[in-house]
Number of protein chains: 2
Amino acid sequence: MSDEELSAFELEVLQHLWHLEQASTPELHRRVCNVRDVKYSTVRTIVDRLERKQAIERIAQQGRAQVFRPLLSKAEVSLPMTRKFVDRVFAGDSRPLLSHLLDSATLDSRDIAYLESVIARRKSELDDND
Amino acid sequence: MSDEELSAFELEVLQHLWHLEQASTPELHRRVCNVRDVKYSTVRTIVDRLERKQAIERIAQQGRAQVFRPLLSKAEVSLPMTRKFVDRVFAGDSRPLLSHLLDSATLDSRDIAYLESVIARRKSELDDND
DNA sequence: AGTCTTCTTCTACAAATGTAGATATACGAA
DNA sequence: TTCGTATATCTACATTTGTAGAAGAAGACT
């Protein structure tokens with residue numbers, strides 16, 4: 001079930017689709033080109049691979065261009081990828097990553113208030129023997 | 001400067017080296033085999049690639065076995081990889097990852113106390129206009 | 001209707017990755 | 001000192017990934 005690995009480039013295109021909700025291949029090509037220069041057929045190949053991996057689906061035709069939308073939600077992608085990443089890079093222990101992010105992320109007061117509330121909850125849920 | 005990408009398998013072997021501080025190829029093979037079954041020459045290939053990427057170096061000979069040690073620290077590997085991961089999977093915004101980890105990580109009271117202190121510091125460092 | 005464009009589809013290809021076999025060789029034991 | 005075995009080295013190969021060209025076809029413009 002959608003458990004194929006997604007490559008860096010595939011993720012890049014999927015990000016655009018998440019952002020746009022849906023998009024044609026030419027549109028995706030333009031978006032990618034805003035960042036770096038790649039040929040249309042390159043992007044098209046990535047789109048095909050995403051479709052084969054059932055990460056996106058065709059939903060319409062705009063002129064001769066096909067329109068796609070994501071089949072996988074951000075969470076469906078990011079949760080398993082995060083697990084794998086933590087396993088690979090942090091030997092399964094997410095705490096160093098957590099503390100690094102807490103230290104380095106750009107956070108405004110609202111973010112901080114939210115994080116405080118999550119920590120407060122985690123604290124209240126502690127077993128006595130922790 | 002050590003800016004090559006490290007593959008999943010290369011990271012796995014490097015994790016063992018970080019843990020052991022140094023190890024011979026046969027030792028690494030044994031460790032990897034504790035988890036899944038791979039041939040000696042497979043591990044040896046990975047070790048060679050790590051050496052070519054200057055992620056590890058030979059430091060000794062034990063009988064006919066060569067002993068290696070990491071040349072890259074955990075931080076030297078995990079910091080750039082984390083940046084790339086956040087870019088790819090979270091479009092550069094680490095906050096969703098942060099809150100997911102804060103929510104899901106296994107934390108004892110000591111961990112929580114530490115995280116509280118980091119948040120307190122971040123809070124105290126807030127600009128007024130944040 | 002004819003032509004120009006723009007997309008699609010197919011094919012290709014080098015590099016990286018995971019995986020392993022074959023062959024040579026140096027240690028260590030007998 | 002010889003021999004068996006554990007290691008090293010080298011070669012190989014399928015798959016995935018990033019990248020793109022060629023050829024055909026469907027819309028759009030005149």
Side-chain angles (χ1 to χ4, degrees), chain A residues 2-17 22-33 35-68 77 81 84-85 87-89, chain B residues 2-17 22-68 77 80-81 84-85 87-89:
Chain A
S2 78
D3 230 8
E4 310 246 20
E5 301 267 344
L6 297 180
S7 75
F9 203 164
E10 286 161 1
L11 281 167
E12 184 183 352
V13 169
L14 193 50
Q15 291 288 352
H16 288 297
L17 272 173
Q22 63 174 61
S24 67
T25 316
E27 174 66 22
L28 290 169
H29 178 225
R30 266 174 253 124
R31 298 278 168 159
V32 172
C33 281
V35 183
R36 54 214 183 78
D37 192 37
V38 285
K39 299 298 176 196
Y40 176 84
S41 59
T42 301
V43 172
R44 180 68 225 203
T45 299
I46 299 304
V47 167
D48 285 340
R49 290 177 185 167
L50 280 169
E51 197 186 10
R52 234 180 308 113
K53 292 181 179 183
Q54 297 187 285
I56 67 177
E57 74 175 349
R58 296 174 200 221
I59 54 170
Q61 196 89 16
Q62 253 178 24
R64 51 251 88 127
Q66 293 161 355
V67 180
F68 293 83
V77 170
M81 289 200 72
K84 277 179 207 164
F85 178 74
D87 280 348
R88 284 174 188 169
V89 179
Chain B
S2 75
D3 230 8
E4 311 244 23
E5 301 266 345
L6 298 180
S7 74
F9 202 165
E10 285 161 2
L11 281 167
E12 184 183 352
V13 169
L14 193 49
Q15 291 288 350
H16 288 297
L17 273 173
Q22 63 174 61
S24 66
T25 315
E27 174 68 19
L28 290 170
H29 177 225
R30 265 173 255 126
R31 297 276 168 163
V32 172
C33 280
N34 284 341
V35 183
R36 54 213 182 78
D37 193 37
V38 285
K39 299 296 177 197
Y40 174 85
S41 59
T42 300
V43 173
R44 181 67 225 203
T45 299
I46 299 304
V47 167
D48 284 341
R49 289 177 185 166
L50 280 168
E51 196 186 10
R52 233 181 307 115
K53 292 182 178 181
Q54 297 186 286
I56 67 176
E57 74 174 351
R58 298 175 198 220
I59 54 170
Q61 196 90 15
Q62 255 178 23
R64 49 250 91 129
Q66 293 162 355
V67 179
F68 294 84
V77 170
M81 289 201 71
K84 278 179 207 162
F85 178 75
D87 281 348
R88 286 174 188 170
V89 179

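What's counted below: heavy atoms across the whole structure, side chains too, no hydrogens, waters or symmetry copies. Numbers restart at 1 for each chain; the letters A, B, ... are given by sequence-line order, proteins then strands.
Residues passing the side-chain contact (heavy atoms from CB on, under 4.5 Å) test with A/T45, sequence neighbours excluded: A/R49. For A/T42, the side-chain contact (heavy atoms from CB on, under 4.5 Å) criterion is met by A/F9, A/V38, A/K39, not counting sequence neighbours. Scored by the side chain to side chain donor-acceptor pair (under 3.5 Å) test, A/E27 finds A/R30, A/R31 as partners (sequence neighbours excluded). With sequence neighbours left out, B/Q15 forms a side-chain contact (heavy atoms from CB on, under 4.5 Å) with A/A91, B/W18. The side chain to side chain donor-acceptor pair (under 3.5 Å) test applied to A/R52 returns no partner, not counting sequence neighbours.
For the pair A/Q61 CD and D/dA25 C1', the computed distance is 12 Å after rounding to whole Å. The interatomic distance linking A/F68 (CZ) with C/dC7 (P) rounds to 13 Å, in whole Å. Distance, A/D48 CG to D/dA20 P: 16 Å, rounded to whole Å.
Looking at heavy-atom distances under 4.0 Å, A/R58 makes contact with sugar-phosphate atoms alone, never a base.
Neither OP1 nor OP2 of C/dC7 sits under 4.0 Å from any side-chain N or O of A/R44. For D/dA6, neither phosphate oxygen OP1 nor OP2 lies less than 4.0 angstrom from any side-chain nitrogen or oxygen of B/Q62.
Each of A/R58, A/E57, A/Q66 was scored for a side-chain contact (heavy atoms from CB on, under 4.5 Å) with A/E51, with one residue passing: A/R58.
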Legend entry - Under 4.0 Å protein heavy-atom contacts per nucleotide of nucleotides 15-26 of chain C, with B for base, S for backbone only and - for none: --BBBBB-----

